[in-house]
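Hydrogens, waters and symmetry mates are skipped; everything else that's a heavy atom, side chains included, is used.
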Amino acid sequence: MSRPLPPLHALRVFEAAGRLGSFKAAAEELHVTQGAVSQQIRLLETWLQAALFERHNRRIVLTPAAQAYLKKIGPLFQQLVQATADYGVPEALPRTLSVNASATFTLRWLVPRLAAFRAAHPDVDVKVETSNEPVESLKDGYDIIIRGGPDTFYGYVMRPFLAEERLPVCSPALPRALPLREPRDLRRHTLLHTSSLPRLWPDWLARAGAQALQPAAALTFDHFYLTLQAAIDGVGIAMGPVALVAADLAAGRLVAPFATPRLPSRSYCSYVPEAKAEEDLVLRFRDWLEAEGMSAAR
């Protein structure tokens with residue numbers, strides 16, 4: 001009969017948090033986020049069907065049963081470290097995965113999800129760099145490049161993971177001040193543009209049957225993330241990529257005054273050099289991207 005064991009990573013997190021008396025200190029020691037520590041503690045508590053810590057304002061205190069549990073498992077981790085050292089195997093160092101993506105995608109979609117990846121893959125360090133250079137122009141040998149697509153590049157394996165489309169979005173304060181009931185109401189508002197994406201508003205207005213519309217004003221930014229931030233701050237109305245502003249729409253920081261038409265946009269895809277396509281870290285990150293993309297679509 002197999003012996004039931006708790007999730008070992010969660011057990012390691014519990015040992016560190018219990019020994020240090022702090023989720024924050026445990027997170028620093030294990031090189032993960034404090035949220036990841038909390039997640040693993042909840043996982044272990046669910047597995048044990050018992051609370052491990054009592055929360056007192058900002059302090060955590062082990063329950064009496066958890067104190068006894070820690071006294072038994074703490075020495076086991078020390079024995080494991082010593083046995084590994086005696087065997088002559090060095091301590092495992094985090095492996096680094098290098099990712100290149102656009103600044104807007106990184107800021108608005110990737111960064112908010114990286115803590116979840118690190119919690120699920122604590123042995124992997126992710127190095128993220130941003131640029132808008134074409135895939136074939138990048139020279140630094142990245143493991144994964146995230147760009148629009150689907151496109152085909154010689155020497156790269158492409159996989160789409162997140163569909164995208166665009167809608168006008170703005171601060172909820174704007175339609176409260178000047179109603180936006182139909183596209184022609186945009187004539188009383190400021191339209192926000194991005195210099196690298198000059199066709200967004202003309203293409204959407206053409207689909208909406210308002211191609212001749214003249215807005216009250218227009219502002220143009222050199223980076224798309226600045227355009228979106230200006231929309232959040234109530235400066236004007238931007239053509240927002242739905243996947244990248246979903247959290248802002250859900251939180252009420254942005255509203256989409258018109259449900260249609262939706263402007264089709266390129267999907268987000270991962271591009272990996274063929275030589276790295278079957279590497280463990282690459283496969284794990286790609287699978288995670290696709291799972292997150294499916295979750296976002298739902």
Side-chain angles (χ1 to χ4, degrees), residues 101-113 130-132 134 146-151 160-175 178-270 289 292-298:
S102 72
T104 302
F105 175 85
T106 300
L107 179 66
R108 305 202 65 83
W109 196 92
L110 184 59
V111 168
R113 290 167 169 80
T130 63
S131 76
N132 291 317
I146 298 173
R147 291 290 189 276
D151 290 326
F161 65 89
L162 182 65
E164 186 61 282
E165 52 192 357
R166 299 177 189 270
L167 279 173
V169 294
C170 61
S171 164
L174 294 190
L178 294 171
L180 286 163
R181 299 185 181 92
E182 54 187 351
R184 67 177 184 176
D185 292 333
L186 291 166
R187 70 187 188 279
R188 298 187 294 172
H189 288 269
T190 297
L191 301 190
L192 305 176
H193 300 264
T194 306
S195 56
S196 59
L197 299 165
R199 292 300 311 169
L200 291 185
W201 270 116
D203 289 349
W204 187 87
L205 289 170
R207 283 176 173 262
Q211 54 265 45
L213 182 138
Q214 294 296 319
L219 284 175
T220 301
F221 297 88
D222 60 343
H223 293 293
F224 194 37
Y225 58 83
L226 296 178
T227 306
L228 295 178
Q229 187 60 48
I232 292 172
D233 291 339
V235 176
I237 305 171
M239 283 300 302
V242 175
L244 301 196
V245 299
D248 299 291
L249 291 169
R253 291 184 292 270
L254 288 173
V255 295
F258 310 113
T260 57
R262 293 193 170 214
L263 190 64
S265 184
R266 287 159 61 81
S267 298
Y268 298 101
C269 303
S270 61
L289 282 175
E292 288 291 319
M294 290 177 61
S295 177
R298 289 195 295 269

Exercise. Taking atom CG of Leu162 and atom OG of Ser295, what is their separation to the nearest 0.5 Å?
Worked result: 10.5 Å

Exercise. Roughly how far apart are Phe161 CZ and Tyr268 OH, rounded to 0.5 Å?
Worked result: 8.5 Å

Problem set entry | Heavy-atom pair of closest approach, residues Pro183 and Ala210 | CB-CB, 4.4 Å

Problem set entry | Partner residues of Phe221 under the ring-ring contact (aromatic ring centres under 6.0 Å, His included) criterion, sequence neighbours left out | none

Exercise. Out of curiosity, Leu197 CG to Thr220 OG1, how far, rounded to the nearest 0.5 Å?
Worked result: 11.0 Å

For this session: Please confirm whether Arg113 makes a cation-pi placement over Trp109, using NZ or CZ under 6.0 Å from the six-membered ring centre and within 45° of the ring normal.
Result: yes

Exercise. Which residues satisfy the ring-ring contact (aromatic ring centres under 6.0 Å, His included) test with Phe224, sequence neighbours excluded?
Worked result: none

For this session: Write down the atom of Pro215, the atom of Leu191, and the distance for their closest heavy-atom approach.
Result: CB-CG, 3.6 Å

Problem set entry | Distance, nearest 0.5 Å, that separates CD of Glu164 from CZ of Phe105 | 9.5 Å

Problem set entry | Test side-chain hydrogen bond (donor to acceptor under 3.5 Å, both in side chains) applied to Arg147 and Ser131, Ser267, Ser102, the passing residue | Ser131

For this session: Determine the minimum heavy-atom distance between Pro168 and Phe258, stating which atoms define it.
Result: CG-CD1, 4.1 Å

Exercise. Hey, does the side chain of Arg188 reach the backbone of Pro179 with a donor-acceptor pair shorter than 3.5 angstrom?
Worked result: yes

Can you give each donor-acceptor pair under 3.5 Å made by side-chain atoms of residues 234-255, sequence neighbours left out, with the distance rounded to 0.1 Å?
unit_1: Asp248; atom_1: OD1; unit_2: Arg108; atom_2: NH2; d: 3.2
unit_1: Asp248; atom_1: OD1; unit_2: Arg253; atom_2: NE; d: 2.8
unit_1: Asp248; atom_1: OD1; unit_2: Arg253; atom_2: NH2; d: 3.2
unit_1: Asp248; atom_1: OD2; unit_2: Arg108; atom_2: NH2; d: 2.1

Exercise. side-chain contact (heavy atoms from CB on, under 4.5 Å) with Arg187: which residues, sequence neighbours excluded?
Worked result: Arg184, Asp185, Leu213

Problem set entry | Pair listing, side-chain hydrogen bond (donor to acceptor under 3.5 Å, both in side chains) test, anchored in residues 221-239, at least two apart | Thr194-Thr227, Gln229-Asp233

Exercise. Does a salt bridge link Arg166 with Asp203, judged by any charged N lying under 4.0 Å from a carboxylate O?
Worked result: no

Seminar exercise, completed: Tightest non-hydrogen contact, residues Val111 and Leu107, listed as CB-O, 4.2 Å

For this session: Sequence neighbours left out, what passes salt bridge (Lys or Arg N to Asp or Glu O under 4.0 Å) with Arg262? Give chain and number order.
Result: Glu165

Problem set entry | Worked verdict on Leu167 versus Leu263 for side chain to side chain contact (heavy atoms under 4.5 Å, CB included) | CA-CA 7 Å; Leu167 279 173; Leu263 190 64; over 6 Å; no

For this session: Spell out, as yes or no, whether a donor-acceptor pair under 3.5 Å connects the side chain of His189 to the backbone of Pro175.
Result: no

Problem set entry | Test item: Cys170 and Leu192 side chains (from C-beta on) under 4.5 Å apart, heavy atoms | no

Exercise. At what distance, to the nearest 0.5 angstrom, does CG of Leu174 lie from CG of Leu186?
Worked result: 10.5 Å

